[in-house]
Structures are given as C-alpha cells and as structure tokens.
Amino acid sequence: MKRLCSGVLAAMLAIAFATPAQAFVPHPWTDFSTNLRAFARQAHGMVAFDVVDLTSGYSAGYEAGMSMPAASTIKIPVMVEVFRQLAAGRFDLNRRVTLLGSDKDWGSGELCDASSGGSYAVSTLLGKMIDISDNTATNMLIRLVGRRNINRTMYSLGLRHTQLTDDIRTEYSAIRYQLRSSPGDMASLLSRMARERLIDQWSSREMISILEGQEHNSLIPAPLPPATEIAHKTGTLHDTLNDVGIVYNQRSPYVIAVMTTDLPLLDDGRSAIRDISRLTYRGINKFAAWRLAAGIDTAFSPQAPTASNPDALANWWTGTN
C-alpha cells in the first residue's frame, strides 16, 4: 500500500470519502453487507433496510427501494415540510394552531383527549408529533403546511416512494396504503439531515434535536450501548414495525432505516429490527477499525465537500495512482 504524508492523505480522504466510487467496495464492507442481507432474507415477514456509513459514504441495503407502509415514520417528512416553510418565513415556531375535532386520531398520543378549540404552538406540536408520536398533533401540522406541499417537497428531494394521500386515520385499514415510504427514501432524508444539508444547517440541527427526544426506544436503540446518542423515529401498525434514525456512534456515525411488514407477530419485527441494529453497530465499528489499522481513518464532518473525483479513493486503495 502506498504511503502518503498525513496532510495529503487527510485532504484526499476528506474529498474521496464523501462519495466513494460505487465500482470499488473494500472487502470489510462487502462482508458486512452480505451478512446483513442474508439475515434479512431469513427473517419472518417482509424486512427491508438501508444503512449509510456517514464517514465513508458506503451503503448497504436489502429491498431498500420497496414501497412499504410508513406508519409513524411518515412524521419525519411532515416535520421537514414544517421546517421548510419556517425557513421560507411563512410562520415561526411560536405560531399557534387551533385543535379541530377533525384533527383527532386516537391511535397514539394525548391531544386526542384535549378539548377542541384549544391552540398549540408549532414547537409544541413538533415535539408531540415526534417524541410521543402524537397523531392528532401530526394532523394539525399537516393541515398547517398542506399535504400536497409535503408530497411535493419529498419528490423534489428525490424520494419516489414517500407519499401521504390522507391524514393519519388509524381506525381505517387503508392507512397501510395512505402513508408510504421506503428504507432508501428514509435513509436519503436522514443522511441529508445528518450532513446538515436538509433545508439548511439550522433546520437540520433543530430536526435532529427533536428526533433525539424520541421516547419510544425499544427497537434500534435497544441493543446499543446505553450512552449511544441516536436521533430516530419509530412506526407501528398491526402488522408493521419501523424504525429509522441517525446513530452517533463514536467511531463512525451512520444512518439506519429498517422497515418490516406482513409480520406474523409484531415480536418478529421487533426481533428483526434489534438484530439488524446490533449487526450494523458491530459492522460499522469493524469497518472503522479496519480503516484505522490501514492508516486511512478519517473523522466524519457534516460539512465534508462532495467528491470532484469519485475514483480517487478506489485508485489510492488499489495502488493505481
């Protein structure tokens, strides 16, 4: 392996690691990806995932582009549209929204039991929507920003499987088809957020802060060390369990989006998401340790530039420079 002075090496990696060459994948990452996909194939029900190592840019997925019931993970796109309109100056976080009877959904949350006619700040509704998954707060925010605007923004971001065709109405079985997304879409959205490029830096940081307040932590966080910071959102239907988030692993932060549906039992989805989370944590750490041992370690930076030469990393690793 070629030896480069640390300054040149660091500069090259800061660029090349941002968007690595897709044709070249180092063997530790290939092994990790293969093992993770093999696990998903054997799981009960439909299991799909997408994982992105934020330091290197490499990804691993299984059926990542499949349209699946989003359940409450759809609340992340709702939050994104709220912040897009905040950035556009249409309202601020103190704007108050009146609770209407038509906003109420009793599937999750506490505002469904509140009296109609009360008003709540946008900041309060965002916290309730994400941290305790309040469906009524979500419907209030959807009404504020407009469902069409949410769908239009997701499409403009390249998310082709993410769409709301109605508000959140858990009493109807059609919710499986009215709230849709895919692991790939969610991973793309969260990767932009982690890189502080979703709307703008302030919006990205605020959204991450809200996601870090998530109170439902029995899925992706469960097998991770207790001190691990994670910004995530869960989703549940009668045969569906999802969890998507950013894991601020010390060695190398990563995005993980796991969606499961057509589950014989919810426990099957719970076990699958926890196992994929555990395998991903180990795999990301192993890959980071390999980079360090090879002398090509670099720290994650949200502001890392896009690679102007995506072949640079592959060429350097294979000794063709």
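Treat the numbers as computed from the prediction; the structure is a model and nothing was measured.
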Self-check item: Side-chain ion pair, Asp267 and Arg270, N-O less than 4.0 Å
Solution: yes
Quiz prompt | For Gln214 against Asn217, the heavy-atom pair lying closest together | solution = O-ND2, 3.0 Å
Quiz item: With under 30° as parallel and over 60° as perpendicular, where do the rings of Trp202 and Phe83 fit, or are they tilted in between?
Solution: tilted
Quiz item: Taking Asp50 for the side chain and Ile256 for the main chain, is one N or O donor matched with an acceptor at less than 3.5 Å?
Solution: no
Exercise. Report yes or no: do Thr153 and Glu81 form a side-chain donor-acceptor pair below 3.5 Å?
Key: yes
Quiz item: Which heavy atom of Thr260 sits nearest a heavy atom of Gly269, and at what distance?
Solution: OG1-CA, 3.8 Å
Self-check item: Nearest heavy-atom neighbours spanning Arg176 and Asp239
Solution: NH1-OD1, 2.6 Å
Quiz item: Around atom NZ of Lys104, are there more than 12 heavy atoms of other residues, nucleotides or ligands at under 6.0 Å?
Solution: yes
Quiz item: Do other residues, nucleotides or ligands put more than 12 heavy atoms under 6.0 Å from Arg160 CZ?
Solution: yes
Quiz item: Taking only residues at least two apart or on different chains, which pairs with a member in residues 114-124 satisfy side-chain hydrogen bond (donor to acceptor under 3.5 Å, both in side chains)?
Solution: Arg96-Ser119
Self-check item: Side-chain donor or acceptor of Asp185 paired with backbone N/O of His161 under 3.5 Å
Solution: yes
Quiz item: Do the side-chain N and O atoms of Asn151 and Arg148 include a donor-acceptor pair separated by under 3.5 angstrom?
Solution: no
Quiz item: More than 12 non-hydrogen atoms from neighbouring residues, nucleotides or ligands closer than 6.0 Å to NE2 on His44, yes or no?
Solution: no
Quiz prompt | Face-on cation placement of Arg291 at Phe287 ring, 6.0 Å and 45° thresholds | solution = yes
Practice problem: Kindly give the heavy-atom pair with the smallest separation between Met129 and Val78, and that separation in Å. | Solution: SD-CG1, 3.8 Å
Quiz item: Counting N and O atoms only, with roles assigned by atom type, does the side chain of Gln85 sit under 3.5 Å from a partner on the main chain of Val145, one being a donor and the other an acceptor?
Solution: yes
Quiz prompt | Minimal non-hydrogen separation, Arg169 against Asp105, with atom names | solution = CA-OD2, 3.2 Å
Quiz item: What is the minimum heavy-atom distance between Phe32 and Thr280, and which atoms define it?
Solution: CE1-CA, 3.7 Å
